[in-house]
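Since the structure comes first, as structure tokens, the remarks are kept for the end.
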Amino acid sequence: LSMIEGFWNQTQQYRRAYLYTVQPQIEIVTAEHRLILEALERRDPEDAADLQRLHIRRTRMTLTPHSELFQS
């Protein structure tokens with residue numbers, strides 16, 4: 001739980017930028033999260049890790065054209 005809270009706190013600015021600037025298809029994001037959770041419930045760490053990597057990669061690719069979000 002502390003690891004999840006840490007990730008949540010460290011990524012707040014990116015989540016906000018992603019939601020308000022890119023306006024993702026929330027159905028895709030929700031489905032990805034659901035698949036990750038299901039893998040964890042099955043106690044399948046390899047699948048959960050693979051799904052998490054795919055989720056992060058897709059998010060990063062979506063944000064790449066918006067470099068202005070990462071400038072100080």
Side-chain angles (χ1 to χ4, degrees):
L1 182 58
S2 66
M3 210 165 100
I4 292 169
E5 288 173 347
F7 289 145
W8 182 260
N9 292 335
Q10 292 173 354
T11 60
Q12 181 178 6
Q13 72 186 50
Y14 302 110
R15 288 191 321 275
R16 186 178 303 125
Y18 184 68
L19 290 173
Y20 294 109
T21 303
V22 179
Q23 297 180 358
Q25 293 181 323
I26 203 69
E27 299 85 11
I28 292 172
V29 174
T30 302
E32 289 172 342
H33 289 173
R34 185 174 294 117
L35 289 169
I36 294 165
L37 180 59
E38 288 171 1
L40 293 170
E41 288 172 340
R42 289 192 319 272
R43 299 183 182 271
D44 187 342
E46 292 84 13
D47 193 27
D50 289 344
L51 290 163
Q52 182 66 27
R53 278 191 287 277
L54 288 171
H55 175 65
I56 291 169
R57 183 177 302 127
R58 188 194 54 74
T59 302
R60 185 179 12 201
M61 290 175 68
T62 302
L63 286 172
T64 296
H66 300 279
S67 61
E68 73 278 3
L69 299 173
F70 305 101
Q71 297 173 4
S72 303

What distance separates [X] [atom1] from [Y] [atom2], expressed to the nearest 0.5 Å?
X     : Y     : atom1 : atom2 : answer
Gln52 : His33 : CD    : NE2   : 7.0 Å
Ile56 : Leu51 : CD1   : CG    : 11.0 Å
Glu5  : Asn9  : CD    : CG    : 7.0 Å
Leu37 : Thr30 : CG    : OG1   : 12.0 Å
Arg53 : Arg60 : CZ    : CZ    : 11.5 Å
Asp44 : Ile36 : CG    : CD1   : 12.5 Å

**OP:** Can you establish whether the number of heavy atoms outside Arg43 located under 6.0 Å from its atom CZ is more than 12?
**Re:** no
Original post:
Transitively linked via ILVMFWY side-chain contacts under 4.5 Å: Leu35 with Leu40?
Top reply: yes
